Amino acid sequence: MAFDIDMIKDVYSKMPERVDAARNIVGKPLTLSEKILYAHLWDGKTDKAFTRGKDYVDFAPDRIACQDATAQMALLQFMQAGKPNVAVPTTVHCDHLIQAKQGAVPDLKRANENSHEVFDFLASVSKKYGIGFWKPGAGIIHQVVLENYAFPGGMMIGTDSHTVNAGGLGMVAIGVGGADAVDVMAGMAWELKFPKLIGVKLTGNINGWTSSKDVILKVAGILTVKGGTDSIVEYFGPGAKNLSCTGKGTICNMGAEIGATTSTFGYDDSMERYLRATDRAEIADEANKIREYLTGDDEVYANPEAYFDQVIEINLDELRPHLNGPFTPDLATPVGELGKKARENGWPIKVDWGLIGSCTNSSYEDLTRASSIAQQAVDKKIKPKSDFGINPGSEQIRFTAERDGILKIFEDLQATIFTNACGPCIGQWDRSDRKGDEKNTIVHSFNRNFSKRADGNPNTHAFVGSPEMVAAIAISGRLDFDPMNDTLINEDGEEVKLEEPRGIELPPKGFAVEESGYVAPVADGSEVDISVSKDSERLQLLAPFEPIGNQIKDAKLLIKAFGKCTTDHISMAGPWLRFRGHLDNISNNMLIGAINAFGKKTNFVKNQLTGEYGGVPDVARAYKAEGVKSIVVGDHNYGEGSSREHAAMEPRHLGVVAVIVKSFARIHETNLKKQGMLGLTFANENDYDLIQEDDTFNFLDLDQFAPDKQLAIEIVHSDGSKDTFKVNHTYNQAQIDWFNEGSALNLIKKENAA
């Protein structure tokens, strides 16, 4: 069934005229990304050419998707907006709050018992405000979106950084914080800095052990975790057309790990096949009518250096399988070279777990390629040396894979089939063989491998690879195993070699499902009652933030974060997911994973009022209780990772007024702005070194806060000496208005009441 077909037809009816007008204004051929951006301007047709990486532009996204962990806070905010219904098609997907432990049936039962309050809240809010609701077990948000909602040439936003997965079906799909989603739900424009463009030209064909996953693993190694910041990555070339639609989704999905705004591919035959296979032939028919508008102009792809800000070329014939990690997704190593690297760095060679699935690698094709390796282990009598865990991407994938005998192959290897949910990918894993302080290695097909990400253990070394490579490595039990060249000894003592994986792009018998888990919104939800208990530990109605004001004096340093500080460090997931709807309770995890530059410990900072040391949230609460404002200082790419706005709301709630860093990850910087805080960067990065443990901050000219104008900050050290430094910011006037009103939501409410 094609959801929202009338909306899609409307988008397609306007696209040719808008793209043609933009091409005339810009005065040159357009990339696919530019076509979609210009076709979704809030004001319709453009009258100016926007400057990439500089101009802030208002857009009108076609739809919104929210996962259950972030949906709680987003919908709690939307409830304050005073609107009877969401303004654009919106869905909520319950995939984050299901812990992987014993297997699909008991794990889902336990989640429904433990999180029923949250699921009931999300279901009732969805029913009241016209939102489509996908029940627990229905699937991982991004796989469900690809199967049901993504369409070529569309624009969507989602409250999860891996919303970008929908680029596999030719969308511009962007991860945002909940406050951004609330703007669009409330019928407001969505603002984005017009992205720069990175072109990736793919030639040749994927073959042998190499997969689509290896394309993004290679790109991550080239661009690093921040090389795609403020940019859209657009893939093109003959190699791109040779990839499956879900393979394209895998590449786009993990583009979040290079900081990219999003990634996308032009509409082609593989997308048409996927649309028809997922019961959306009507969309394919409509897309075919404007096919040339759903990909970049021929001149662009023929001479990409003239149209992209950066061009990367990858020959798929020569691309080798990779394993990236540990502890960062951009540490790229070709398979076969990892053994030497591991020994040099002291990484454990023995592999304890192989995990297959997640939103980036849980399609039918992914499971068939991995199962073709698993079947060889069965046939060749190779007993796996590692444990196996499988997370199907959706109930449709699970049901189809079970029908076709794919899951049984894994079960024959004693694999645990987890729920159709995120599970270990986001730390929702009650690992059966907890390792304590012992260093250990796991391999997985997920997208992120930050410290503690999968199992909460800082000693777990996680490596990212394709599903089939994960299967091969797990069967061998060794990180240095190279299935292209190495052999294994089977149970009969024979030396055997694994053959190349074989995948099936789409199920020959078609997709099937008995119960998808979808609950459609009702026509009129005005009578639906939403109740939140005042005694709830899971949910808390929000109170508006008070404006910080333009006089910040005597603010105390809360923490100077050292090195990598992702949103996992600022607001951990795992067991903390249960508090995602309760701002005060979840604030008890604020920055507990960040390394304090003074002492190099986590969750151990000085309380300047008492001289004693305590946990970061405890010290922040102590400052707040005394009416003392606090400051957080950070390093490069601060806020890398998930889109979770809790990483901005928690500091705001606990009295932090400014975050000053060397550089920000895009989504986190926006989240800080939305919550009425100051997100600032050192004009001179070396000024980071000026900050001392007992420092007090005075903002000297915040009353002159204006676009493109630096701010001056005085720091007073404990010995009475002072330093003054300059900070930059990217606030435009509308964002300064958010700061002045206390938050973007406060401004929305004010405008709605006018």
Side-chain angles (χ1 to χ4, degrees), residues 42-43 48 50-51 53-59 77 80-81 176-184 186 188-195 229-230 261 544-553 555 629-634 638-639 645 647-649 651-653 655-683 697-714 724-754:
W42 179 256
D43 293 327
K48 64 168 290 188
F50 296 108
T51 302
K54 182 177 180 181
D55 288 339
Y56 282 90
V57 182
D58 287 339
F59 292 101
Q77 292 177 86
Q80 298 184 60
V176 299
D180 273 3
V182 170
D183 284 358
V184 180
M188 311 270 292
W190 173 60
E191 183 186 67
L192 178 72
K193 185 189 293 183
F194 203 83
T229 302
D230 292 331
T261 301
F545 288 129
E546 293 293 328
I548 289 170
N550 59 15
Q551 297 295 321
I552 299 178
K553 304 291 184 184
K629 297 178 173 66
S630 58
I631 304 291
V632 170
V633 172
Y638 183 89
E645 65 189 306
M649 295 186 76
R652 182 73 162 99
H653 176 63
V656 175
V657 293
V659 179
I660 308 170
V661 301
K662 293 180 181 178
S663 65
F664 280 109
R666 175 189 63 85
I667 299 176
H668 186 65
E669 182 182 20
T670 300
N671 285 345
L672 292 172
K673 293 178 179 180
K674 287 280 184 179
Q675 301 307 330
M677 296 177 67
L678 293 171
L680 310 170
T681 56
F682 291 102
F697 295 74
N698 298 314
F699 284 66
L700 303 180
D701 53 2
L702 189 55
D703 57 340
Q704 301 169 43
F705 192 16
D708 301 317
K709 183 181 183 300
Q710 288 182 326
L711 294 173
I713 301 174
E714 175 188 74
T724 300
F725 63 96
K726 296 281 190 178
V727 291
N728 297 326
H729 67 82
T730 60
Y731 288 74
N732 58 29
Q733 188 55 54
Q735 295 167 342
I736 291 173
D737 291 342
W738 300 342
F739 175 77
N740 291 334
E741 291 295 332
S743 71
L745 184 59
N746 286 356
L747 188 60
I748 291 174
K749 291 172 66 177
K750 182 178 180 179
E751 292 172 347
N752 283 340

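These numbers come from a predicted model, not from an experiment.
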Within the 4.5 Å heavy-atom criterion, are [X] and [Y] side-chain neighbours or not?
| X | Y | value |
| --- | --- | --- |
| Leu745 | Val182 | yes |
| Thr670 | Val176 | no |
| Glu751 | Met188 | yes |
| Ile631 | Val657 | yes |
| Ile748 | Asp183 | yes |

Looking only at non-hydrogen atoms, find the nearest pair between [X] and [Y] and report the distance.
| X | Y | value |
| --- | --- | --- |
| Leu702 | Asn550 | CB-O, 3.5 Å |
| Glu191 | Ala734 | OE2-CB, 4.4 Å |
| Glu669 | Thr730 | OE2-OG1, 2.8 Å |
| Thr51 | Asp55 | N-OD2, 2.7 Å |
| Ser630 | Ala555 | N-CB, 4.4 Å |
| Gly742 | Phe545 | O-CB, 3.8 Å |

Roughly how far, to the nearest 0.5 Å, is [atom2] of [Y] from [atom1] of [X]?
| X | Y | atom1 | atom2 | value |
| --- | --- | --- | --- | --- |
| Ser663 | Tyr638 | OG | OH | 12.0 Å |
| Arg666 | Thr229 | CZ | OG1 | 9.0 Å |
| Arg652 | Glu645 | CZ | CD | 13.5 Å |
| Asn746 | Lys674 | CG | NZ | 12.0 Å |
| Ile552 | Asp703 | CD1 | CG | 11.5 Å |

*List the steps, then state whether side chain to side chain donor-acceptor pair (under 3.5 Å) holds for Asn671 with Gln675.*
CA-CA 6 Å; Asn671 285 345; Gln675 301 307 330; over 6 Å; no
Distance-only criterion, 3.5 Å: show the donor-acceptor pairs between side-chain atoms of residues 707-714 and protein atoms not counting sequence neighbours.
| residue | atom | partner | partner atom | Å |
| --- | --- | --- | --- | --- |
| Gln710 | NE2 | Asn728 | OD1 | 2.8 |
| Glu714 | OE1 | Asn698 | ND2 | 3.0 |

*Can you check side chain to side chain contact (heavy atoms under 4.5 Å, CB included) on Asp230 and Lys193, steps first, answer last?*
CA-CA 8 Å; Asp230 292 331; Lys193 185 189 293 183; 4.1 Å; yes
*Aromatic ring pairing Phe725/Phe697, orientation class (parallel under 30°, perpendicular over 60°, tilted between)*: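 If you compare the ring of Phe725 with that of Phe697, the planes turn out perpendicular.
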*For the residue pair Trp190 and Phe59, categorise the inter-ring angle as parallel (less than 30°), tilted (30 to 60°) or perpendicular (more than 60°).*
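Tilted.
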_Phe739: partners by ring pair (Phe, Tyr, Trp, His ring centres under 6.0 Å), with sequence neighbours left out_ =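 So Phe739 forms a ring pair (Phe, Tyr, Trp, His ring centres under 6.0 Å) with Phe705.
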_Using a 3.5 Å distance criterion without hydrogens, assess whether the side chain of Lys662 forms a donor-acceptor pair with backbone atoms of Gly634._
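Side chain of Lys662 to backbone of Gly634: no pair is present.
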_Donor-acceptor pair, distance only, cut-off 3.5 Å: does the side chain of Tyr731 make one with the backbone of Gly679?_
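Checked: pair present.
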*With sequence neighbours excluded, what pairs up with Glu741 under the side chain to side chain donor-acceptor pair (under 3.5 Å) test?*
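For Glu741 the side chain to side chain donor-acceptor pair (under 3.5 Å) partners, ignoring immediate neighbours, are Lys750.
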_With a 6.0 Å cut-off (strictly less than), is the heavy-atom count around CD of Glu546, excluding the residue itself, greater than 12?_
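Not buried by this count: 12 neighbours or fewer within 6.0 Å.
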